Amino acid sequence: MQFELQKTADNSRARAGVLTTDHGTIETPIFMPVGTAGSVKGIHTRDIKEDIKAEIILGNTYHLYLRPGIDVIEKAGGLHKFNRWDKPILTDSGGFQVFSLGDIRKLSEEGARFQSHIDGSYHMFTPENVMDIQRTIGADIIMAFDECTPGDADYDYAKRSLELTQRWLERCFKQFNSTEPKYGYSQSLFPIVQGNTFTDLRKAAVANVKNFDADGYAIGGLSVGETEQEMYEMTEVCTADLPENKPRYLMGVGTPVNILEGIHRGIDMFDCVMPTRNGRNGMLFTSEGILNMRNKKWENDHSPIDENGTSFVDQYSKAYLRHLIISNEMLGAQIASQHNLAFYLWLVKTAREKIQSGEFVSWKNEMVLKLKQRL
RNA sequence: GGGAAGAUACCGAAGCGGUCAAACGGGGCAGACUGUAAAUCUGUUGGCUCAGCCUUCGUAGGUUCGAAUCCUGCUCUUCCCA
(Lines give C-alpha, C1' and ligand atoms only; values in the text may rest on other atoms or scores of the structure.)
Protein backbone atom coordinates (compact mmCIF):
# COMPACT_ATOMS: atom_id res chain seq x y z
CA MET A 1 0.00 0.00 0.00
CA GLN A 2 1.21 3.48 -0.86
CA PHE A 3 0.08 6.92 0.19
CA GLU A 4 0.87 10.00 -1.83
CA LEU A 5 0.22 13.34 -0.17
CA GLN A 6 -0.78 15.71 -2.96
CA LYS A 7 -1.69 18.95 -1.29
CA THR A 8 -2.02 20.51 2.15
CA ALA A 9 -4.46 23.37 2.62
CA ASP A 10 -3.48 26.87 3.70
CA ASN A 11 -4.38 27.83 7.28
CA SER A 12 -5.44 24.27 7.91
CA ARG A 13 -4.05 20.79 8.33
CA ALA A 14 -6.46 19.51 5.68
CA ARG A 15 -4.80 17.25 3.12
CA ALA A 16 -5.57 15.74 -0.25
CA GLY A 17 -3.91 12.46 -1.09
CA VAL A 18 -4.14 9.17 -2.92
CA LEU A 19 -4.02 5.80 -1.24
CA THR A 20 -3.14 2.91 -3.52
CA THR A 21 -4.15 -0.66 -2.71
CA ASP A 22 -4.23 -3.87 -4.71
CA HIS A 23 -7.99 -3.34 -5.12
CA GLY A 24 -7.62 0.16 -6.51
CA THR A 25 -6.95 3.71 -5.44
CA ILE A 26 -8.70 5.83 -2.84
CA GLU A 27 -8.69 9.59 -3.10
CA THR A 28 -8.52 11.19 0.33
CA PRO A 29 -10.11 12.59 2.35
CA ILE A 30 -12.56 9.73 2.11
CA PHE A 31 -15.65 8.47 3.86
CA MET A 32 -16.02 4.69 4.13
CA PRO A 33 -19.56 3.26 4.33
CA VAL A 34 -19.94 0.71 7.11
CA GLY A 35 -20.87 -2.80 6.03
CA THR A 36 -20.64 -4.56 9.37
CA ALA A 37 -21.97 -7.98 8.45
CA GLY A 38 -20.60 -7.89 4.93
CA SER A 39 -23.34 -5.61 3.63
CA VAL A 40 -23.87 -1.89 3.69
CA LYS A 41 -27.37 -2.27 5.06
CA GLY A 42 -29.93 -1.99 2.31
CA ILE A 43 -27.61 -1.04 -0.56
CA HIS A 44 -26.37 -3.20 -3.44
CA THR A 45 -22.66 -3.09 -4.20
CA ARG A 46 -23.57 -1.79 -7.67
CA ASP A 47 -25.15 1.31 -6.15
CA ILE A 48 -22.37 1.69 -3.58
CA LYS A 49 -19.91 1.85 -6.42
CA GLU A 50 -21.75 3.53 -9.28
CA ASP A 51 -24.25 5.79 -7.54
CA ILE A 52 -22.77 6.54 -4.12
CA LYS A 53 -19.26 6.37 -5.58
CA ALA A 54 -17.72 4.88 -2.47
CA GLU A 55 -14.12 3.79 -2.88
CA ILE A 56 -13.77 1.54 0.15
CA ILE A 57 -16.19 -0.08 2.59
CA LEU A 58 -15.90 -1.61 6.05
CA GLY A 59 -16.61 -5.05 7.39
CA ASN A 60 -16.46 -6.24 10.97
CA THR A 61 -14.38 -9.07 12.36
CA TYR A 62 -16.67 -9.70 15.31
CA HIS A 63 -19.85 -10.00 13.27
CA LEU A 64 -18.41 -12.01 10.40
CA TYR A 65 -16.62 -14.34 12.79
CA LEU A 66 -19.89 -15.13 14.59
CA ARG A 67 -21.96 -15.29 11.43
CA PRO A 68 -21.56 -16.71 8.83
CA GLY A 69 -18.28 -17.89 10.38
CA ILE A 70 -14.74 -17.52 9.13
CA ASP A 71 -14.73 -20.93 7.43
CA VAL A 72 -17.57 -19.80 5.18
CA ILE A 73 -15.72 -16.61 4.22
CA GLU A 74 -12.59 -18.63 3.52
CA LYS A 75 -14.44 -21.10 1.30
CA ALA A 76 -15.95 -18.15 -0.56
CA GLY A 77 -12.41 -16.99 -1.28
CA GLY A 78 -12.48 -13.97 1.02
CA LEU A 79 -14.98 -11.22 1.71
CA HIS A 80 -14.47 -9.48 -1.66
CA LYS A 81 -15.71 -12.56 -3.48
CA PHE A 82 -18.37 -13.32 -0.88
CA ASN A 83 -20.11 -9.94 -1.10
CA ARG A 84 -19.09 -9.11 -4.68
CA TRP A 85 -17.24 -5.90 -3.87
CA ASP A 86 -14.02 -5.64 -5.83
CA LYS A 87 -12.74 -2.37 -4.38
CA PRO A 88 -10.86 -2.01 -1.11
CA ILE A 89 -12.25 -3.26 2.19
CA LEU A 90 -11.23 -2.34 5.71
CA THR A 91 -12.17 -4.59 8.62
CA ASP A 92 -12.53 -3.42 12.16
CA SER A 93 -10.96 -5.75 14.65
CA GLY A 94 -13.78 -6.27 17.09
CA GLY A 95 -12.22 -3.91 19.62
CA PHE A 96 -15.23 -1.66 19.46
CA GLN A 97 -17.60 -4.56 20.12
CA VAL A 98 -15.53 -5.49 23.14
CA PHE A 99 -16.29 -1.95 24.29
CA SER A 100 -19.96 -1.81 23.31
CA LEU A 101 -20.87 -5.31 24.47
CA GLY A 102 -20.29 -4.09 28.01
CA ASP A 103 -21.09 -6.70 30.59
CA ILE A 104 -21.04 -9.77 28.36
CA ARG A 105 -17.27 -9.59 27.96
CA LYS A 106 -14.23 -9.81 30.21
CA LEU A 107 -10.78 -8.47 29.45
CA SER A 108 -7.50 -10.05 30.46
CA GLU A 109 -3.92 -9.73 29.42
CA GLU A 110 -4.50 -12.58 27.02
CA GLY A 111 -7.42 -10.94 25.25
CA ALA A 112 -11.18 -10.49 25.46
CA ARG A 113 -13.54 -13.26 26.43
CA PHE A 114 -17.06 -12.47 25.34
CA GLN A 115 -20.48 -13.92 24.78
CA SER A 116 -22.06 -13.92 21.36
CA HIS A 117 -24.96 -11.48 21.17
CA ILE A 118 -26.60 -14.01 18.87
CA ASP A 119 -26.65 -17.21 20.92
CA GLY A 120 -24.80 -16.44 24.14
CA SER A 121 -21.94 -18.83 23.35
CA TYR A 122 -18.49 -17.99 24.76
CA HIS A 123 -15.57 -16.90 22.55
CA MET A 124 -12.09 -15.52 22.98
CA PHE A 125 -10.44 -12.82 20.90
CA THR A 126 -6.71 -12.33 21.22
CA PRO A 127 -4.43 -10.05 19.21
CA GLU A 128 -3.14 -13.17 17.46
CA ASN A 129 -6.42 -14.77 16.43
CA VAL A 130 -7.91 -11.42 15.45
CA MET A 131 -4.99 -10.97 13.01
CA ASP A 132 -5.56 -14.48 11.68
CA ILE A 133 -9.30 -13.88 11.27
CA GLN A 134 -8.69 -10.64 9.39
CA ARG A 135 -6.16 -12.39 7.16
CA THR A 136 -8.89 -14.86 6.32
CA ILE A 137 -11.59 -12.27 5.76
CA GLY A 138 -9.08 -10.73 3.40
CA ALA A 139 -9.54 -7.02 3.97
CA ASP A 140 -7.03 -4.68 2.36
CA ILE A 141 -6.71 -2.75 5.59
CA ILE A 142 -7.01 -4.56 8.88
CA MET A 143 -7.17 -2.98 12.30
CA ALA A 144 -5.22 -3.70 15.45
CA PHE A 145 -7.08 -5.32 18.31
CA ASP A 146 -7.52 -2.60 20.93
CA GLU A 147 -9.56 -1.64 23.92
CA CYS A 148 -11.81 1.36 23.40
CA THR A 149 -12.56 3.21 26.63
CA PRO A 150 -15.78 5.14 27.24
CA GLY A 151 -15.62 8.93 26.97
CA ASP A 152 -15.99 9.42 30.71
CA ALA A 153 -13.22 7.00 31.76
CA ASP A 154 -10.94 8.37 34.46
CA TYR A 155 -7.24 8.91 33.98
CA ASP A 156 -6.07 5.76 35.74
CA TYR A 157 -8.37 3.52 33.75
CA ALA A 158 -7.49 5.28 30.49
CA LYS A 159 -3.80 4.85 31.23
CA ARG A 160 -4.02 1.18 32.16
CA SER A 161 -6.23 0.54 29.14
CA LEU A 162 -3.80 2.30 26.82
CA GLU A 163 -0.93 0.24 28.13
CA LEU A 164 -2.89 -2.95 27.48
CA THR A 165 -3.72 -1.74 23.96
CA GLN A 166 -0.01 -1.07 23.40
CA ARG A 167 1.02 -4.54 24.56
CA TRP A 168 -1.66 -5.99 22.32
CA LEU A 169 -0.39 -3.89 19.43
CA GLU A 170 3.06 -5.48 19.66
CA ARG A 171 1.46 -8.90 19.55
CA CYS A 172 -0.72 -7.82 16.60
CA PHE A 173 2.32 -6.78 14.55
CA LYS A 174 4.26 -9.86 15.56
CA GLN A 175 1.46 -12.11 14.38
CA PHE A 176 0.76 -10.02 11.31
CA ASN A 177 4.42 -9.98 10.24
CA SER A 178 4.79 -13.71 10.67
CA THR A 179 1.77 -14.55 8.48
CA GLU A 180 0.99 -14.09 4.81
CA PRO A 181 -2.07 -12.83 2.93
CA LYS A 182 -4.28 -15.69 1.78
CA TYR A 183 -5.65 -14.47 -1.51
CA GLY A 184 -2.69 -13.06 -3.43
CA TYR A 185 -3.05 -9.35 -2.66
CA SER A 186 -1.37 -7.41 0.11
CA GLN A 187 -2.89 -6.35 3.41
CA SER A 188 -1.93 -3.48 5.72
CA LEU A 189 -2.27 -3.32 9.49
CA PHE A 190 -3.26 0.02 11.04
CA PRO A 191 -2.50 0.58 14.73
CA ILE A 192 -5.02 2.53 16.80
CA VAL A 193 -4.17 5.49 18.99
CA GLN A 194 -6.05 5.41 22.29
CA GLY A 195 -5.66 7.58 25.39
CA ASN A 196 -9.17 8.87 25.88
CA THR A 197 -9.38 12.63 26.45
CA PHE A 198 -5.99 12.99 28.11
CA THR A 199 -3.41 14.91 26.11
CA ASP A 200 -0.35 13.26 27.62
CA LEU A 201 -1.78 9.78 27.06
CA ARG A 202 -2.64 10.63 23.45
CA LYS A 203 0.85 11.97 22.84
CA ALA A 204 2.39 8.87 24.38
CA ALA A 205 0.07 6.70 22.30
CA VAL A 206 1.08 8.45 19.08
CA ALA A 207 4.76 8.10 19.96
CA ASN A 208 4.18 4.42 20.57
CA VAL A 209 2.39 3.64 17.32
CA LYS A 210 5.12 5.45 15.38
CA ASN A 211 7.50 2.70 16.51
CA PHE A 212 5.77 0.47 14.02
CA ASP A 213 6.25 1.24 10.37
CA ALA A 214 2.59 1.06 9.53
CA ASP A 215 0.91 2.02 6.25
CA GLY A 216 -1.56 4.17 8.12
CA TYR A 217 -2.61 5.18 11.61
CA ALA A 218 -6.01 5.25 13.25
CA ILE A 219 -7.36 7.37 16.07
CA GLY A 220 -9.88 5.48 18.17
CA GLY A 221 -11.71 6.05 21.40
CA LEU A 222 -13.40 9.22 20.21
CA SER A 223 -17.10 9.94 19.65
CA VAL A 224 -17.79 7.60 22.55
CA GLY A 225 -19.41 10.01 24.98
CA GLU A 226 -16.90 12.86 25.32
CA THR A 227 -17.83 16.39 24.20
CA GLU A 228 -17.32 17.48 20.59
CA GLN A 229 -14.78 20.00 21.80
CA GLU A 230 -12.76 17.24 23.48
CA MET A 231 -12.98 15.13 20.36
CA TYR A 232 -11.59 17.96 18.22
CA GLU A 233 -8.84 18.72 20.71
CA MET A 234 -7.71 15.10 20.89
CA THR A 235 -7.81 14.85 17.11
CA GLU A 236 -5.50 17.85 16.90
CA VAL A 237 -3.16 16.44 19.51
CA CYS A 238 -2.84 13.24 17.50
CA THR A 239 -2.51 14.65 13.98
CA ALA A 240 0.14 17.10 15.20
CA ASP A 241 2.51 14.21 15.84
CA LEU A 242 1.45 11.51 13.39
CA PRO A 243 3.65 10.99 10.29
CA GLU A 244 2.77 13.39 7.48
CA ASN A 245 3.29 10.83 4.76
CA LYS A 246 0.79 8.25 6.06
CA PRO A 247 -3.01 8.33 6.08
CA ARG A 248 -4.83 9.08 9.33
CA TYR A 249 -8.13 7.39 10.05
CA LEU A 250 -10.53 8.81 12.64
CA MET A 251 -12.65 5.82 13.63
CA GLY A 252 -16.41 6.04 13.93
CA VAL A 253 -16.79 9.71 13.10
CA GLY A 254 -19.24 11.19 12.52
CA THR A 255 -21.74 13.87 11.62
CA PRO A 256 -21.11 15.85 8.42
CA VAL A 257 -19.82 18.70 10.59
CA ASN A 258 -17.53 16.32 12.53
CA ILE A 259 -16.10 15.12 9.23
CA LEU A 260 -15.31 18.61 7.93
CA GLU A 261 -13.78 19.55 11.27
CA GLY A 262 -11.81 16.31 11.21
CA ILE A 263 -10.49 17.01 7.72
CA HIS A 264 -9.55 20.49 8.89
CA ARG A 265 -7.49 18.87 11.65
CA GLY A 266 -5.62 16.58 9.28
CA ILE A 267 -7.76 13.42 9.08
CA ASP A 268 -7.86 11.50 5.80
CA MET A 269 -10.28 8.64 6.43
CA PHE A 270 -13.63 8.36 8.24
CA ASP A 271 -16.29 5.77 8.80
CA CYS A 272 -19.59 6.02 10.62
CA VAL A 273 -22.89 4.20 10.83
CA MET A 274 -24.74 7.48 11.00
CA PRO A 275 -25.68 7.91 7.33
CA THR A 276 -27.15 4.40 7.17
CA ARG A 277 -28.58 4.00 10.66
CA ASN A 278 -30.01 7.50 10.89
CA GLY A 279 -31.22 7.15 7.32
CA ARG A 280 -33.12 3.98 8.19
CA ASN A 281 -34.60 5.87 11.11
CA GLY A 282 -35.81 8.71 8.90
CA MET A 283 -33.05 11.32 9.12
CA LEU A 284 -31.60 12.90 6.01
CA PHE A 285 -28.34 14.85 5.80
CA THR A 286 -28.13 17.39 2.99
CA SER A 287 -25.93 20.32 2.01
CA GLU A 288 -28.69 22.62 3.32
CA GLY A 289 -29.15 20.91 6.68
CA ILE A 290 -30.88 18.04 8.42
CA LEU A 291 -34.38 16.75 7.68
CA ASN A 292 -36.47 14.43 9.82
CA MET A 293 -38.48 12.75 7.11
CA ARG A 294 -41.13 11.57 9.58
CA ASN A 295 -42.21 15.12 10.30
CA LYS A 296 -45.70 16.08 9.19
CA LYS A 297 -44.44 19.12 7.30
CA TRP A 298 -43.24 16.90 4.43
CA GLU A 299 -46.61 15.20 4.00
CA ASN A 300 -47.45 17.18 0.89
CA ASP A 301 -44.05 18.45 -0.16
CA HIS A 302 -43.59 17.03 -3.63
CA SER A 303 -40.20 18.58 -4.30
CA PRO A 304 -37.12 16.34 -4.67
CA ILE A 305 -35.59 15.13 -1.40
CA ASP A 306 -32.36 16.92 -2.34
CA GLU A 307 -32.31 19.41 -5.23
CA ASN A 308 -28.51 19.34 -5.31
CA GLY A 309 -28.08 15.66 -4.58
CA THR A 310 -25.81 13.49 -6.70
CA SER A 311 -27.73 10.23 -6.34
CA PHE A 312 -30.59 9.16 -8.56
CA VAL A 313 -32.67 8.58 -5.42
CA ASP A 314 -32.57 12.32 -4.78
CA GLN A 315 -35.26 12.77 -7.42
CA TYR A 316 -37.86 11.01 -5.30
CA SER A 317 -40.12 13.52 -3.58
CA LYS A 318 -40.07 14.30 0.11
CA ALA A 319 -43.76 13.38 0.33
CA TYR A 320 -43.06 9.95 -1.19
CA LEU A 321 -40.06 9.25 1.03
CA ARG A 322 -42.02 10.35 4.10
CA HIS A 323 -44.82 8.01 3.08
CA LEU A 324 -42.41 5.09 2.67
CA ILE A 325 -40.71 5.69 6.00
CA ILE A 326 -43.97 6.26 7.90
CA SER A 327 -45.32 3.07 6.31
CA ASN A 328 -42.19 1.18 7.31
CA GLU A 329 -41.55 0.22 3.70
CA MET A 330 -38.08 -1.23 3.06
CA LEU A 331 -37.62 1.11 0.13
CA GLY A 332 -37.81 4.13 2.44
CA ALA A 333 -34.86 2.95 4.52
CA GLN A 334 -33.00 2.16 1.32
CA ILE A 335 -33.57 5.52 -0.35
CA ALA A 336 -32.67 7.43 2.82
CA SER A 337 -29.49 5.39 3.35
CA GLN A 338 -28.47 5.74 -0.26
CA HIS A 339 -29.07 9.47 -0.24
CA ASN A 340 -27.10 9.95 2.98
CA LEU A 341 -24.14 7.91 1.77
CA ALA A 342 -24.07 9.72 -1.56
CA PHE A 343 -24.17 13.00 0.34
CA TYR A 344 -21.29 11.96 2.62
CA LEU A 345 -19.22 10.96 -0.41
CA TRP A 346 -20.08 14.24 -2.13
CA LEU A 347 -19.02 16.08 1.02
CA VAL A 348 -15.55 14.53 1.21
CA LYS A 349 -15.05 14.77 -2.54
CA THR A 350 -15.91 18.45 -2.49
CA ALA A 351 -13.65 18.97 0.52
CA ARG A 352 -10.85 17.41 -1.51
CA GLU A 353 -11.51 19.77 -4.43
CA LYS A 354 -11.55 22.77 -2.10
CA ILE A 355 -8.26 21.66 -0.53
CA GLN A 356 -6.71 21.46 -3.99
CA SER A 357 -8.10 24.80 -5.09
CA GLY A 358 -7.01 26.52 -1.87
CA GLU A 359 -10.54 27.39 -0.71
CA PHE A 360 -11.01 24.75 1.95
CA VAL A 361 -11.22 26.80 5.14
CA SER A 362 -13.72 29.38 3.93
CA TRP A 363 -15.83 26.71 2.27
CA LYS A 364 -15.71 24.56 5.40
CA ASN A 365 -16.80 27.43 7.65
CA GLU A 366 -19.70 28.22 5.34
CA MET A 367 -20.79 24.59 5.12
CA VAL A 368 -20.65 24.00 8.87
CA LEU A 369 -23.27 26.71 9.41
CA LYS A 370 -25.59 25.16 6.84
CA LEU A 371 -25.08 21.56 7.87
CA LYS A 372 -26.20 22.22 11.42
CA GLN A 373 -29.58 23.64 10.40
CA ARG A 374 -32.74 21.65 11.03
CA LEU A 375 -34.99 21.93 8.01
C1' G B 1 -92.09 -10.95 16.22
C1' G B 2 -89.15 -13.51 20.57
C1' G B 3 -84.38 -14.00 23.08
C1' A B 4 -79.10 -12.93 24.21
C1' A B 5 -74.83 -9.92 24.29
C1' G B 6 -72.81 -5.22 23.74
C1' A B 7 -72.02 0.38 23.12
C1' U B 8 -65.15 3.25 26.79
C1' A B 9 -60.63 8.52 24.31
C1' C B 10 -58.39 8.79 16.74
C1' C B 11 -59.00 2.98 16.20
C1' G B 12 -59.03 -1.78 18.87
C1' A B 13 -59.55 -3.14 23.82
C1' A B 14 -59.18 -3.48 29.61
C1' G B 15 -61.76 -1.54 33.72
C1' C B 16 -67.35 -3.42 36.49
C1' G B 17 -68.95 1.61 43.29
C1' G B 18 -64.12 5.57 45.51
C1' U B 19 -56.68 4.91 44.58
C1' C B 20 -60.00 6.66 36.74
C1' A B 21 -58.71 11.74 32.49
C1' A B 22 -59.34 5.99 32.50
C1' A B 23 -54.43 -0.15 31.81
C1' C B 24 -52.57 -2.20 27.21
C1' G B 25 -51.93 -2.38 21.71
C1' G B 26 -52.24 0.22 17.21
C1' G B 27 -52.32 4.88 14.88
C1' G B 28 -50.81 10.16 15.35
C1' C B 29 -47.10 13.84 16.89
C1' A B 30 -42.08 14.85 18.42
C1' G B 31 -37.04 13.49 19.95
C1' A B 32 -32.57 10.35 20.02
C1' C B 33 -29.03 7.63 17.10
C1' U B 34 -21.10 8.77 15.81
C1' G B 35 -14.96 1.94 14.66
C1' U B 36 -23.98 -1.11 13.83
C1' A B 37 -26.41 -6.49 19.85
C1' A B 38 -30.37 -0.64 16.25
C1' A B 39 -35.62 -1.29 9.57
C1' U B 40 -34.14 0.50 16.75
C1' C B 41 -35.13 3.20 21.20
C1' U B 42 -37.50 7.29 24.10
C1' G B 43 -41.26 10.84 25.14
C1' U B 44 -46.13 12.39 24.24
C1' U B 45 -51.33 11.68 22.73
C1' G B 46 -59.37 15.37 26.10
C1' G B 47 -59.21 20.91 27.28
C1' C B 48 -57.43 25.02 30.12
C1' U B 49 -55.66 30.84 32.98
C1' C B 50 -51.98 23.39 34.26
C1' A B 51 -48.69 21.25 41.72
C1' G B 52 -55.32 23.20 40.27
C1' C B 53 -59.71 23.26 37.56
C1' C B 54 -63.25 21.99 33.56
C1' U B 55 -65.56 18.43 30.10
C1' U B 56 -65.46 13.11 29.03
C1' C B 57 -66.75 6.08 29.13
C1' G B 58 -74.06 5.62 23.43
C1' U B 59 -78.29 8.77 25.37
C1' A B 60 -82.05 10.66 29.09
C1' G B 61 -83.17 10.00 33.97
C1' G B 62 -82.46 7.54 38.85
C1' U B 63 -79.87 5.16 43.35
C1' U B 64 -75.51 6.73 46.33
C1' C B 65 -71.53 10.90 50.45
C1' G B 66 -69.38 9.13 45.66
C1' A B 67 -71.00 6.05 39.14
C1' A B 68 -67.24 4.29 33.19
C1' U B 69 -68.79 0.74 36.98
C1' C B 70 -75.68 -0.35 40.11
C1' C B 71 -81.17 0.54 38.33
C1' U B 72 -84.92 2.26 34.46
C1' G B 73 -86.42 4.24 29.60
C1' C B 74 -84.71 5.29 24.73
C1' U B 75 -81.30 4.80 20.39
C1' C B 76 -77.97 1.86 17.78
C1' U B 77 -74.83 -2.76 16.83
C1' U B 78 -73.98 -8.06 16.72
C1' C B 79 -75.65 -13.05 17.38
C1' C B 80 -79.57 -16.93 18.10
C1' C B 81 -84.80 -18.58 17.40
C1' A B 82 -89.25 -17.73 14.33
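Side-chain atoms are counted along with the backbone in the values below, which use heavy atoms only and exclude waters and symmetry mates. To find a chain, count down the sequence lines: A is the first, B the second, and so on, and within it residues start at 1. Keep in mind that what you see is a predicted model, and the values were worked out from it rather than measured.
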Trace of the side-chain hydrogen bond (donor to acceptor under 3.5 Å, both in side chains) decision for A:N60 with A:Y65: CA-CA 8 Å; A:N60 192 290; A:Y65 160 82; over 6 Å; no

Show your reasoning for whether side-chain contact (heavy atoms from CB on, under 4.5 Å) applies to A:I219 and A:M234. CA-CA 9 Å; A:I219 300 168; A:M234 290 304 112; over 6 Å; no

Could you go through A:K49 and A:D86, starting from their C-alpha distance and side-chain angles, then the distance that decides it, and tell me whether this counts as salt bridge (charged side-chain N to carboxylate O under 4.0 Å, His left out)? CA-CA 10 Å; A:K49 194 197 284 188; A:D86 58 11; 3.0 Å; yes

For A:Q97 and A:H63, run side-chain contact (heavy atoms from CB on, under 4.5 Å): C-alpha distance rounded to whole Å, both residues' side-chain angles, the deciding distance at 0.1 Å, then the answer. CA-CA 9 Å; A:Q97 279 64 47; A:H63 298 262; 3.7 Å; yes

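Although no hydrogens or angles enter the test, the distance criterion places a donor-acceptor pair under 3.5 Å between the side chain of A:R322 and the main chain of A:N295. For A:R13 (side chain) and A:E236 (main-chain N/O), a donor-acceptor pair under 3.5 Å exists by modelled atom type. No donor-acceptor distance shorter than 3.5 angstrom exists from the side chain of A:K174 to the backbone of A:E128, with no hydrogens or angles considered. Under a 3.5 Å cut-off, the side chain of A:D154 and the backbone N or O of A:D156 do form a donor-acceptor pair. At distances below 3.5 Å, not a single donor-acceptor pair connects side-chain atoms of A:S161 with backbone N or O atoms of A:Y157. A donor-acceptor pair under 3.5 Å links the side-chain atoms of A:N83 to the main chain of A:G38, judged by distance alone.
Here the C1' atom of nucleotide B:G35 and the CG atom of A:L101 are 14 Å apart, to the nearest Å. Taking atom CG of residue A:N278 and atom C1' of nucleotide B:A39, one finds them 13 Å apart after rounding to whole Å. Here the P atom of nucleotide B:C29 and the CD atom of A:E299 are 7 Å apart, to the nearest Å. Rounded to an integer number of Å, the gap from A:H339 NE2 to B:A39 P is 20 Å. Remark: C1' of B:A39 and CE of A:M283 are 16 Å apart, rounded to the nearest angstrom. Taking atom CD1 on A:I325 and atom P on B:G28, their separation rounds to 13 Å, with Å as the unit. The distance from atom NZ of A:K41 to atom P of B:C33 is 19 Å, rounded to the nearest whole Å. Note: CD1 (A:I56) to C1' (B:G35) measures 13 Å, nearest angstrom.
Of the candidates A:D213, A:D215, A:D268, A:D241, A:D213 is the only one forming a salt bridge (charged side-chain N to carboxylate O under 4.0 Å, His left out) with A:K246.
Using P as the reference atom, B:G12 and B:U78 are 14 Å apart when rounded to the nearest Å. A distance of about 35 Å separates the P atoms of B:A22 and B:U34, rounded to the whole Å. With both ends at atom C1', the span from B:G2 to B:C16 equals 29 Å, rounded to whole Å. Using atom P as the reference point in both B:G46 and B:C11, the two lie 13 Å apart (nearest Å). Separating the C1' atom of B:C70 from that of B:G15 is a span of 15 Å, rounded to the nearest Å. Only the P atoms considered, B:A23 is 22 Å distant from B:G6, to the nearest whole Å. For the C1' atoms, the distance linking B:U69 with B:U64 amounts to 13 Å, nearest Å. Between B:A4 and B:U49, the two P atoms lie 50 Å apart (nearest whole Å).
Taking 3.5 Å as the limit, the base of B:U36 and the side chain of A:T276 contain a donor-acceptor pair of atoms between them.
In this structure, A:I192 reaches the bases: a heavy-atom distance under 4.0 Å links it to at least one base atom across the strands shown. Within the nucleic acid shown, A:Q334 has no heavy atom closer than 4.0 Å to any nucleic acid atom. Within 4.0 Å (heavy atoms only), A:R374 reaches sugar-phosphate atoms of the nucleic acid but no base atom.
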Would you give a per-nucleotide map of nucleotides 40-46 of chain B, 5' to 3', where B means the base has a protein non-hydrogen atom under 4.0 Å away, S means only the sugar-phosphate does, and - means neither? B------

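Listed candidates were B:A37, B:C29, B:G35. Nearest to the side chain of A:Q97 is B:A37. Taking only side-chain atoms of A:H63, from C-beta outward, the nucleotide of B:U34, B:A32, B:A37 with the closest atom is B:A37.
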Cut-off 3.5 Å, no hydrogens considered: what does the side-chain donor-acceptor table look like for residues 87-95 of chain A, sequence neighbours left out?
from  : atom 1 : to     : atom 2 : distance (Å)
A:T91 : OG1    : A:Q134 : OE1    : 2.9
A:S93 : OG     : A:G95  : N      : 3.2
A:S93 : OG     : A:A144 : O      : 2.9

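Side-chain nitrogen and oxygen atoms of A:N60 include none within less than 4.0 Å of the OP1 or OP2 phosphate oxygen of B:G35. Taking 4.0 angstrom as the limit, A:N292 places a side-chain polar atom (N or O) nearer than this to OP1 or OP2 of B:G31. For B:G35, the OP1/OP2 oxygens have no side-chain nitrogen or oxygen of A:S93 closer than 4.0 Å. A sub-4.0 Å separation between OP1 or OP2 of B:A30 and a side-chain N or O of A:N295 is present. A close approach under 4.0 Å does not occur between any side-chain nitrogen or oxygen of A:R277 and OP1 or OP2 of B:G35.
Going from atom OH of A:Y344 over to atom SG of A:C272 covers 5.5 Å, rounded to the nearest 0.5 Å. Between A:Q187 atom CD and A:M1 atom CE the span is 10.0 Å, to the nearest 0.5 Å.
The cationic atom of A:R135 (NZ for Lys, CZ for Arg) lies less than 6.0 Å from the six-membered ring centre of A:F176 and within 45° of the ring axis.
B:U69 is unpaired under the Watson-Crick or G-U wobble criterion, no partner having all donor-acceptor distances under 3.5 Å. Across all strands shown, B:U78 forms a Watson-Crick or G-U wobble pair, both distances under 3.5 Å, with B:A4. In this structure, B:A22 forms no base pair with any nucleotide, since neither Watson-Crick nor G-U wobble geometry is met with both distances under 3.5 Å.
More than 12 non-hydrogen atoms from other residues, nucleotides or ligands lie less than 6.0 angstrom from CD of A:E299.
Contacts between residues 238-252 of chain A and RNA chain B, counted as heavy-atom distances below 4.0 Å, involve A:M251, A:G252. Within residues 220-235 of chain A, the residues having any heavy atom closer than 4.0 Å to RNA chain B are, in order of number, A:G221, A:S223, A:E228. Of the residues in residues 112-144 of chain A, those with a non-hydrogen atom less than 4.0 angstrom from any atom of RNA chain B are A:H117.
Contacts of A:Y183 classified as ring-ring contact (aromatic ring centres under 6.0 Å, His included), with partners at least two apart in sequence or in another chain: none.
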